[in-house]
Amino acid sequence: MKFGLVDCNNFYVSCERLFNPSLNGKAVVVLSNNDGCVVARSNEAKSLGIQMGTPAFQIQELINRHEVIVFSSNYTLYADLSNRVMTLLAGFVEEQEVYSIDEAFLSFAGFNNYNLYDYGTKIVRAVTKGTGIPVSLGIADTKTLAKVASKFAKKYPAYNGVCIIDTEEKREKALRLFPVEDVWGIGRKHTARLKSIGVKTAYDFTQLPLSWIKRHMSVTGERTYKELLGESCIDIETNPPSKKQICTSRSFGEMISDRDILAEAVSSFADSCARKLRAQKTYAVCLMVFIHTNYFRKDLPQYSRNMIIRLPVPTSDTREIIHHALIALDTIFCPGFQYKKAGVIILEITNKEGIQMNLFEQPVSDKSSKLMQAIDRINGKHGKKIRLAVQGSPDHSQWHLKQEMLSPQYTTNIKDILRIKCD
DNA sequence: TCTGGGGTCCTAGGACCC
DNA sequence: TCTGGGGTCCTAGGACCC
């Protein structure tokens with residue numbers, strides 16, 4: 001049985017181009033939150049030598065000289081287009097794993113009598129035509145090899161977007177051409193160690209003795225090793241298990257000293273965590289709030305603290321979670337520092353069955369869950385209109401992200417949809 | 001001036017138990 | 001001189017992913 005990996009090409013840039021065709025053929029990059037680092041590049045931007053993850057200010061000169069077009073991240077737009085891609089893909093296979101916003105694994109179990117190259121070509125054409133987002137497809141005996149194949153499909157136009165590794169010869173040839181640092185599961189640390197012993201390609205890696213892998217890279221490294229050799233060790237996860245941890249945190253557009261503004265941010269993060277809990281029908285058992293100053297500013301006094309609170313009763317009620325998050329904040333807040341980042345993390349999560357009745361507190365009340373359902377319904381339909389007063393106004397808050405080059409919410413905001421039509 | 005956010009899994013070592 | 005041993009659970013930290 002074979003696995004497929006579908007990867008959207010330069011996904012965020014492709015999303016921006018979809019609604020602004022004048023960007024085609026030009027160097028375009030998309031920045032992370034707060035316009036910090038480069039997280040997506042068009043091919044033209046890659047050719048200029050712009051690396052993934054580079055801080056934007058470090059390449060300002062390059063951007064100016066080559067008139068690179070820069071966007072802030074527009075996650076609402078990207079998530080919407082991602083859903084369209086995933087929905088189309090689901091029509092082609094029985095089993096699909098949405099692996100990230102721009103990648104999905106497909107299972108080709110039961111496709112023994114198919115010409116997978118033809119079928120793969122059909123998938124790639126349908127998605128590209130149906131959504132406007134170009135994609136590449138890699139097919140092989142394991143997930144790790146499918147990832148390798150997809151990189152070849154993307155890199156060499158002759159493949160027409162589909163690359164299949166289905167013989168020993170092709171597997172070995174592909175691995176000899178594949179840099180070890182690009183292998184799925186081998187990160188920076190292991191790359192450094194591997195390079196130090198002369199391992200450059202994925203093929204070199206597969207020639208190491210298994211004992212070396214076990215000693216230095218644990219069972220995850222062993223899985224990667226076997227998968228590259230063609231033995232499938234990582235299965236498709238069709239319905240991903242619910243999250244074991246939920247986190248919302250942000251760096252601020254500008255540093256914050258004021259407790260009340262920090263409280264607005266922390267309340268909003270807590271609200272976001274509560275929403276995510278309800279979306280997977282779970283309850284928070286225990287949460288953490290953290291705040292810290294700007295680590296990069298060696299010239300300023302530094303402060304960093306967190307606090308963990310066990311909730312009296314597991315809950316997904318926004319009001320409860322905000323209440324306890326603010327208690328934590330007031331315990332750790334120390335005046336006189338300039339804070340750069342804060343966050344709320346739900347560390348322990350339970351489902352309805354897991355809620356232990358507490359002798360002295362009421363368990364999740366019907367009233368609370370009905371209210372939350374109503375709020376989620378309204379916010380789902382009309383954008384996040386309902387919030388607690390302590391979260392402050394969404395329009396003029398000091399803690400919001402810096403997004404100086406944001407594109408319009410083309411697909412989700414009616415005003416922007418009308419604007420496209422008028423243009 | 002300016003350096004992302006949200007996750008997962010694995011391991012080593014300490015605490016604790018009988 | 002001698003100062004158990006084995007099992008389990010928890011946590012912090014490290015590695016990885018997109």
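Residue numbers start from 1 in every chain, and the chains themselves are labelled A, B, ... in the order their sequence lines are given, proteins ahead of strands. Everything numeric here is computed off the predicted structure, so don't read it as measured data.
A heavy atom closer than 4.0 Å to some atom of DNA chain C occurs in A:Val183, A:Trp184, A:Gly185, A:Ile186, A:Gly187, A:Arg188, A:Lys189, A:His190, these being the qualifying members of residues 182-199 of chain A. Residues from residues 205-213 of chain A that place a heavy atom under 4.0 Å from any atom of DNA chain B: there are none. Less than 4.0 Å separates DNA chain B from at least one heavy atom of each of the following residues of residues 293-300 of chain A: A:Phe296, A:Arg297. Within a heavy-atom distance below 4.0 Å of DNA chain B, the residues of residues 237-255 of chain A found are A:Lys243, A:Lys244, A:Gln245, A:Ile246, A:Cys247, A:Thr248, A:Ser249, A:Arg250, A:Ser251.
Taking the charged nitrogens against the carboxylate oxygens, A:Asp141 and A:Arg171 have no contact shorter than 4.0 Å, which rules out a salt bridge. A salt bridge is absent between A:Glu181 and A:Lys189: the closest approach of a Lys/Arg side-chain nitrogen to an acidic carboxylate oxygen does not fall below 4.0 angstrom. The existence of a salt bridge linking A:Lys340 and A:Glu254 is excluded, since no basic side-chain nitrogen approaches an acidic carboxylate oxygen closer than 4.0 Å.
Side-chain polar atoms of A:Thr144 and A:Thr142 form no donor-acceptor pair below 3.5 angstrom.
Identified under the ring-ring contact (aromatic ring centres under 6.0 Å, His included) test for residues 226-280 of chain A, with sequence neighbours left out: A:Phe269-A:Trp399. Screening residues 145-159 of chain A for side chain to side chain donor-acceptor pair (under 3.5 Å) gives A:Glu103-A:Lys147 as the qualifying pairs, with residues at least two apart or on separate chains. Each ring-ring contact (aromatic ring centres under 6.0 Å, His included) pair with one or both residues in residues 185-216 of chain A, not counting sequence neighbours, appears once here: A:Phe205-A:Tyr225, A:Trp212-A:His216.
Contact annotation for A:Gln60: no contact, since no heavy-atom pair falls under 4.0 Å across all strands. Residue contacts for A:Asp102: at a heavy-atom cut-off of 4.0 Å it reaches the sugar-phosphate backbone alone, with no base atom in range.
The outermost nucleotides of DNA chain B lying under 4.0 Å from heavy atoms of chain A, listed 5' to 3', are B:dT1 to B:dT11.
With sequence neighbours excluded, the residues that form a side-chain hydrogen bond (donor to acceptor under 3.5 Å, both in side chains) with A:Thr318 are A:Arg278. Taking the ring-ring contact (aromatic ring centres under 6.0 Å, His included) definition, one finds that A:Phe57 meets it with nothing, sequence neighbours left out.
Note on ring orientation: taking the six-membered ring where Trp is involved, the planes of A:Phe108 and A:Phe111 are perpendicular (angle over 60°, cut-offs 30° and 60°).
Nearest heavy-atom pair across A:Gln302 and A:Phe337 is O-CE2, 3.7 Å.
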With a cut-off of 3.5 Å and sequence neighbours excluded, list every side-chain donor-acceptor pair involving residues 303-310 of chain A.
residue	atom	partner	partner atom	Å
A:Tyr303	OH	A:Ile332	O	2.5
A:Arg310	NH2	A:Glu348	OE2	2.8

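To the nearest whole angstrom, the two P atoms, one in C:dC18 and one in B:dC2, are 30 Å apart. Between B:dC17 and C:dT3, the distance separating the two P atoms is 24 Å to the nearest Å.
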**OP:** Could you go through the ring pair (Phe, Tyr, Trp, His ring centres under 6.0 Å) check for A:Phe3 and A:Trp184 one step at a time?
**Re:** CA-CA 15 Å; A:Phe3 295 89; A:Trp184 185 46; over 10 Å; no
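Ring centroids of A:Tyr12 and A:Tyr75 are separated by less than 6.0 Å, placing the two rings close together.
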**OP:** Quick one: the dot-bracket string of DNA chain B, using Watson-Crick and G-U wobble pairs with both distances under 3.5 Å, [ ] for crossing pairs and | for bases paired to another strand.
**Re:** ....||||||||||||||
